[in-house]
Amino acid sequence: MSAGKLKDIMPKRPRYYDDLPGKLRDKLAKVYQTLQDVPYINKQQFDKWQERFCYSPEPEREIAIWEWLAKEYEEQTASIQNQREKNRIFKRLLSKSVDYEPLGVRKLPE
């Protein structure tokens with residue numbers, strides 16, 4: 001089955017917010033700016049990227065995780081010029097923030 005057909009039969013995720021509160025949007029804007037050189041982030045326009053948080057029942061928690069990730073990324077890449085190395089650091093941090101049970105729910109690393 002192709003990905004397009006699978007997407008058509010999968011249930012749609014509920015949208016919990018039409019728009020995120022301004023305070024959460026401001027936090028996301030800072031995260032987006034910090035991670036601007038990461039291909040995963042910069043391939044998406046900010047409005048589209050932040051819209052995905054409207055589908056989270058707990059956007060505050062998910063945004064807190066992204067804030068942690070951005071802070072760690074900024075600290076760990078401060079003296080690194082090589083973009084490939086920065087990308088590796090981002091991937092490592094992202095994998096630390098994912099709990100594989102259930103369904104990839106994000107968590108704050110210990």
Side-chain angles (χ1 to χ4, degrees):
M1 179 178 292
S2 73
K5 290 181 182 178
L6 181 60
K7 180 180 166 186
D8 292 338
I9 64 170
M10 292 295 290
K12 300 224 184 276
R13 290 174 46 193
R15 185 175 180 127
Y16 293 93
Y17 298 90
D18 288 330
D19 292 307
L20 292 175
K23 183 178 177 182
L24 295 180
R25 281 195 315 270
D26 292 346
K27 288 180 175 193
L28 283 175
K30 290 177 186 176
V31 168
Y32 186 83
Q33 186 64 39
T34 301
L35 300 175
Q36 193 59 30
D37 62 341
V38 176
Y40 172 77
I41 301 298
N42 66 25
K43 287 181 182 177
Q44 305 172 64
Q45 291 184 1
F46 174 71
D47 290 339
K48 288 290 184 186
W49 183 73
Q50 69 96 32
E51 182 180 4
R52 69 183 287 278
F53 294 88
C54 293
Y55 291 89
S56 173
E58 297 181 76
E60 299 88 356
R61 188 188 72 157
E62 190 170 348
I63 291 168
I65 293 163
W66 278 94
E67 287 177 310
W68 170 86
L69 196 151
K71 178 181 166 286
E72 290 293 316
Y73 176 82
E74 191 171 46
E75 289 174 5
Q76 293 183 29
T77 61
S79 63
I80 297 173
Q81 298 300 316
N82 182 294
Q83 188 59 47
R84 289 182 73 162
E85 181 59 24
K86 287 181 172 187
N87 293 347
R88 278 193 284 275
I89 290 169
F90 175 79
K91 288 177 185 176
R92 184 173 39 81
L93 291 169
L94 187 61
S95 69
K96 285 176 99 176
S97 71
V98 175
D99 179 3
Y100 293 100
E101 291 182 27
L103 302 174
V105 174
R106 297 186 189 281
K107 65 178 176 73
L108 276 172
E110 295 176 6

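Values in this document were obtained by computation on a predicted structure and should not be read as measured data. One is the number of the first residue; the rest follow in order along the sequence.
- Here the closest non-hydrogen pair linking Phe46 and Arg25 is CZ-O, 3.9 Å.
- Annotation for Gln83 and Tyr73: closest pair NE2-OH, 4.2 Å, computed over non-hydrogen atoms.
- For the residue pair Gln44 and Arg52, no side-chain donor N or O sits within less than 3.5 Å of a side-chain acceptor on the partner.
- In this structure, Tyr32 is a member of the same hydrophobic cluster as Tyr17, with clusters built from ILVMFWY side-chain heavy atoms closer than 4.5 Å.
- Atom-to-atom distance recorded for Leu28:CG and Lys23:NZ is 13.0 Å, nearest 0.5 angstrom.
- Side chain of Arg15 to main chain of Cys54: no donor-acceptor pair is present (N/O by atom type, distance under 3.5 Å, no hydrogens or angles).
- Residues Ser97 and Trp68 approach most closely at CB-CZ3, 4.3 Å, considering heavy atoms.
- Taking the six-membered ring where tryptophan is involved, the planes of Trp49 and Phe53 are perpendicular, since the angle between them exceeds 60° and thus also 30°.
- With values rounded to the nearest 0.5 angstrom, Lys86 atom NZ is found 11.0 Å from Leu35 atom CG.
- In this structure, Arg92 and Gln76 have side chains that are in contact, with non-hydrogen atoms separated by less than 4.5 Å.
- The line from CD of Gln50 to CG of Asp19 is 7.5 Å long, rounded to the nearest 0.5 Å.
- The neighbour count for Gln81 CD, taken as heavy atoms of other residues, nucleotides or ligands under 6.0 Å away, does not exceed 12.
- Taking CD1 of Ile65 as the start and CG of Leu94 as the end, the distance is 10.5 Å to the nearest 0.5 Å.
- Distance check, rounded to the nearest 0.5 Å: CG of Asn87 to OH of Tyr40 gives 13.5 Å.
- Rounded to the nearest 0.5 angstrom, Thr77 OG1 and Asn82 CG are separated by 11.5 Å.
- Ile80 and Leu69 fall within the same hydrophobic cluster, where Ile, Leu, Val, Met, Phe, Trp and Tyr residues are linked whenever their side-chain heavy atoms come under 4.5 Å apart, directly or through other members.
- Contact check on Glu67 versus Lys71 returns no salt bridge, with no Lys/Arg side-chain nitrogen under 4.0 Å from an Asp/Glu carboxylate oxygen.
- What you find for Phe90 and Val38 is that their closest heavy atoms are CD2-CG1, 3.5 Å.
- Using a cutoff of 4.0 Å between basic side-chain nitrogens and carboxylate oxygens, Lys30 and Glu74 are not scored as salt-bridged.
- Atom CD of Gln36 is surrounded by more than 12 heavy atoms from other residues, nucleotides or ligands within 6.0 Å.
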